[in-house]
Every structure is written in C-alpha cells, then in structure tokens.
Amino acid sequence: MEDQASELKILMQEYNEKSHRTVPTGRKPRIIAITSGKGGVGKTNIAVNMAIAYAKTGRKVLLIDGDLGMANVNVLLNVVPQYNLMHVVTQQKKMSDIIQDTEFGIKFIAGANGFSRIANLNDSELAYFTKEFSTINNFDIIIIDTGAGISNSVLRFVAAADEVYIVTTPEPTAITDAYGIIKIIATELAMERNMNIKLLVNRVHSADEGKRISDRIINIAGQFLNYKIEYLGFIYDDPAVTMSVIRQKPFMEVAASSKPAICVKHIVGRIEKTDLVNSDGVAGFLRRFLGKK
C-alpha cells in the first residue's frame, strides 16, 4: 500500500505540472480511437473517464460511441440517446441534432449498427454526410470508443484516427489479443501512413506490473513486427470502478481521488505534453475512414 501511495503521489505531481494549460485555439481536433483486442478489458470505461478528465482541463470534448454492435457508452453516462449517427447517414437529422449534452462536461454521440454503410452512399448522400460530419471540427478532443476485436468497423476507426490507444489487462488472453490487433495494424493498416499507437494496461496492482506487461508486448512487436509501440500508462485495479459502473456515474465524478481516477488524470497529462504531428482534422479522419487517398 505504501508503494501505491508513493506511485500515486508521483502521478499527481506530474499531472499538475503537465495539465491545466491554456486551451489552444485555431487548431484541428485531436482524434483518438480507444480499442482492444478483446472485450471485458475496461476499454469503454477508460474512454468515458478519459473524456471527462480532458474536459476538466478546459478542453471541448466529444465522445463518440463507435462500438456499432454493442454500443454501451450511454449506459455508463446514464443517458438515453434519442438519435444516433445513422440518423445523419440516412439524412433524417443534422449532426447538431444528435450531439447530446451530458452532466459531466462532455458531449456525446451514440453509436449505431450499420454506420459503416457510409462507404456505399451515393455522391449526394455522401456529400450531405461529409458536410454534417465536418461540423464537429470545432472540438478540441474527439474520443472514439471502438468495438473490441478486429471487425471491419473497428479497423476503419483505427485506420482513420490520429492516435490509437490499445487497452489490455495482465490476463494472458488479453495480452495475446492486444498483440493480435497490433499485428494487424503493423502488417495491414500502417502500410498507408505512420500510425501513432500507444499501449495502456488496465487493472494492474502496481506500476511495475503495468510496465512489465507493456514491455513484454512492446518488445515482441519490435522484434517480430519491426513496429514501434509506445507505453501510455497504467490504471489500477480498484473497487471504485465497479461501484461507479453500478451507479452509472463515471469514477472521475464519484471517486475523483481514487487510484483509477488519478491514473487517468496522469495519462491525460502525458498526452497533453505530446504535440500532435500532422493532424488533418475531421476531413482527414473521414477521408481515411472511407478509404480514400
């Protein structure tokens, strides 16, 4: 427990030094896809709480539920969305109609099964969707919670984002599946451009455990794929997470001083310290999502 207390103290010191900067203006949004090789690793919880942590630094944040088959961000936020992305795809609504406010300082767009059909729209339908989707360019941060695994819809979001954060846990199956999605990125998606991939280890019992797991995956990726992965950080295993899920309130709100919340704050501080290189905003994201050069 003393070791964890020391680790948490260091994390908070770094967070306070790196965050709460002046919000930059006139730049394109940072588009982050959070994904995992398997379900059940806490990916959605991390996406939700990271979005809230960003909002607390003064950023304008949009969270998109990109899990098109099992969308559940709304459950963690305790909201019932009336509209989703498909209402824009089918030209029933404008983008402004489907962006929902939350009580946690972030905006939210609900996912929808079949969203990938935008690749098959005709010219006029695609022009409408492109025009509407481009209106979200005024956010500072756009976080996309993808589905788990390697489905076509997941890989589309991964290939299109500025940055990709892969979530794993210390479980052997989660580690194997995390390496699996890294292998697909390295051998199939990264052929088009230099992708920014980072690894996040969830549900650890110490900082050493998180570093050990990440080193293992990073070293294997470097050795067998010749692909560089960066270590983003770790999040402690803690009952506060389970409690927050049951209450349908993010742990950044109901347990702001808990170990997981401090870890998320530290991770956001680390991200903010890193400048995003060559971002082309929402237009570039949509172009890559559609598979266009």
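Start at 1 with the first residue, then count along the sequence. Just so it is clear, the structure is predicted and the values come from calculations on it, not from any experiment.
- A heavy-atom distance below 4.5 Å is not found between the side chains of Val88 and Phe133.
- Within the cation-pi definition used here (under 6.0 Å to the ring centroid, within 45° of the axis), Lys198 does not qualify as a partner of Tyr165.
- Pairs of residues two or more places apart, or lying in two chains, that qualify as ring pair (Phe, Tyr, Trp, His ring centres under 6.0 Å) and include a residue from residues 75-101 are Tyr83-His87.
- Screening Val164, Thr168, Val167, Leu232 for a side chain to side chain contact (heavy atoms under 4.5 Å, CB included) involving Leu199 leaves a single residue, Thr168.
- Remark: Asn226 CG is loosely packed, at most 12 non-hydrogen atoms of other residues, nucleotides or ligands lying under 6.0 Å away.
- Thr274 has its side chain within reach of Arg30: a pair of non-hydrogen atoms, C-beta onward, lies under 4.5 Å apart.
- For the side chain to side chain contact (heavy atoms under 4.5 Å, CB included) with Thr35, the qualifying choice from Ile197, Ile150, Ile144, Ile181 is Ile181, the only one to do so.
- Ile262 is not connected to Val254 by any chain of hydrophobic side-chain contacts under 4.5 Å among Ile, Leu, Val, Met, Phe, Trp and Tyr, and they are in different clusters.
- The environment of Lys228 atom NZ is sparse: at most 12 non-hydrogen atoms of other residues, nucleotides or ligands sit within 6.0 angstrom.
- Under the 4.5 Å side-chain criterion, counting only non-hydrogen atoms from C-beta, Ile185 is in contact with Ile166.
- Here the side chains of Phe104 and Lys56 are not in contact, with every heavy-atom distance at 4.5 Å or above.
- The two residues Phe139 and Pro29 come nearest to each other via the heavy atoms O-CB, 3.0 Å.
- One side chain, Ser124 or Asn122, offers a donor N or O that lies under 3.5 Å from an acceptor on the other.
- Ring orientation note: the planes of Phe285 and Phe157 are close to parallel, at an angle under 30° on the 30°/60° scale.
- The environment of CD in Gln82 is sparse: at most 12 heavy-atom neighbours from other residues, nucleotides or ligands sit within 6.0 Å.
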